[in-house]
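Numbering of ligands and ligand atoms starts at 1, following listing order.
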Amino acid sequence: MSEVSVTKNAEGPAAAGDQLVVLDNVNKHFGALHVLQDIDLTIARGEVVVVIGPSGSGKSTLCRTINRLETIDSGSITIDGKPLPQEGRELARLRADVGMVFQSFNLFAHKTVLENVMLGQTKVRKTDKAAAEQKARALLDRVGVGTQADKYPAQLSGGQQQRVAIARALAMDPKVMLFDEPTSALDPEMINEVLDVMQQLARDGMTMVVVTHEMGFARSAANRVVFMADGRIIEEAEPNQFFNNPRSDRAKDFLSKIL
Ligand code: ADP
Ligand code: MG
């Protein structure tokens with residue numbers, strides 16, 4: 001586990017009422033498996049929420065429902081006051097408001113780093129090419145891979161590729177960024193270079209939902225920790241409170257295994 005020593009988003013979560021993502025009594029099944037059970041979760045603008053829990057507890061499914069890669073069976077999800085529609089152009093636009101970074105970087109192998117970061121801008125946002133390139137270069141600089149712009153993904157290290165994936169998501173000007181175990185596939189020496197970029201994003205005020213096993217990151221960057229098990233949110237607390245004084249037996253058991 002890596003340690004990162006940085007300060008939290010100085011602003012902290014925005015004032016109550018400024019709710020960016022609201023899940024209200026969300027339920028989802030995969031066949032007989034009730035993978036999300038009565039999920040209520042509200043994320044304020046500028047808030048950083050770290051989601052932890054055992055494998056199979058529904059963390060990835062939760063992320064995937066927020067940008068509608070998965071449908072839900074009941075309940076509702078709203079992003080910035082707008083309900084997530086079922087389909088169509090409205091869905092494409094709302095989905096673009098939600099940036100997602102996966103464990104596997106999912107870059108286009110036959111496009112350069114620069115093209116990867118330009119593509120969504122020109123195709124979805126209809127940005128003109130020159131403006132898209134300028135923005136892509138600025139974002140690649142921001143995540144520390146500006147000199148790699150003309151290479152192909154396979155020529156980069158895993159940590160560099162994941163930073164490109166973050167830049168690509170940011171290029172869409174998302175309102176919220178979802179990270180699903182973004183460092184789990186990385187060699188240990190590359191984990192911090194990705195966490196550092198995420199820390200900086202958090203400090204810059206980005207609203208973030210981060211599924212991670214990096215407890216150092218959770219302690220230093222999260223405004224709130226959400227603990228899931230068996231498709232339910234078992235416990236939510238500010239990180240110090242959660243790590244020092246977990247209330248539920250499930251959380252105590254989980255922490256005793258990973259810390
Ligand atoms: P986590 O990310 O916490 O490990 P997931 O959300 O990936 O959990 O999975 C939760 C449960 O749902 C697991 O039991 C998993 O096997 C199951 N699951 C995930 N995706 C699918 C799917 N597309 N079809 C059927 N079952 C799935
Ligand atoms: Mg997962």
### Task
Among residues two or more places apart or on two chains, list those pairs meeting salt bridge (charged side-chain N to carboxylate O under 4.0 Å, His left out) that have a residue in residues 161-184.
Asp80-Lys175, Asp97-Lys175, Lys135-Asp173, Arg163-Glu193

### Message
With clusters defined by side-chain heavy atoms of hydrophobic residues (ILVMFWY) lying less than 4.5 Å apart, directly or transitively, does Leu69 cluster with Val26?
### Response
yes

### Task
Please list, by chain and number, the protein residues whose heavy atoms come under 4.0 Å of ligand 1.
Phe30, Leu33, Val35, Pro54, Ser55, Gly56, Ser57, Gly58, Lys59, Ser60, Thr61

#### Entry: Under 3.5 Å: donor-acceptor pair, side chain of Gln103, backbone of Pro182
no

### Message
Would you say Thr183 and Gln162 are linked by a side-chain donor-acceptor pair, where the criterion is simply a distance under 3.5 Å?
### Response
no

### Query
Just checking, is any N or O donor in the side chain of Asp196 or Gln200 under 3.5 Å from an acceptor N or O on the other one?
no

### Message
What I want to check is whether the side chains of Asp38 and Asn27 have a donor and an acceptor closer together than 3.5 Å.
### Response
yes

### Message
For distances below 2.8 Å, what is the count of protein N, O or S atoms around the Mg ion (ligand 2)?
### Response
1

## Note on the structure
When Asp24, Leu84, Leu23 are each screened for side chain to side chain contact (heavy atoms under 4.5 Å, CB included) with Ser76, the one that passes is Asp24

### Task
Consider only side-chain N and O atoms of Glu235 and Ser248, and report whether a donor and an acceptor are under 3.5 Å apart.
yes

Side chains of residues 251-259: which donor-acceptor pairs under 3.5 Å do they make with residues two or more places apart or in other chains?
from: Asp253; atom 1: OD2; to: Lys257; atom 2: NZ; distance (Å): 3.0
from: Ser256; atom 1: OG; to: Asp253; atom 2: O; distance (Å): 2.7

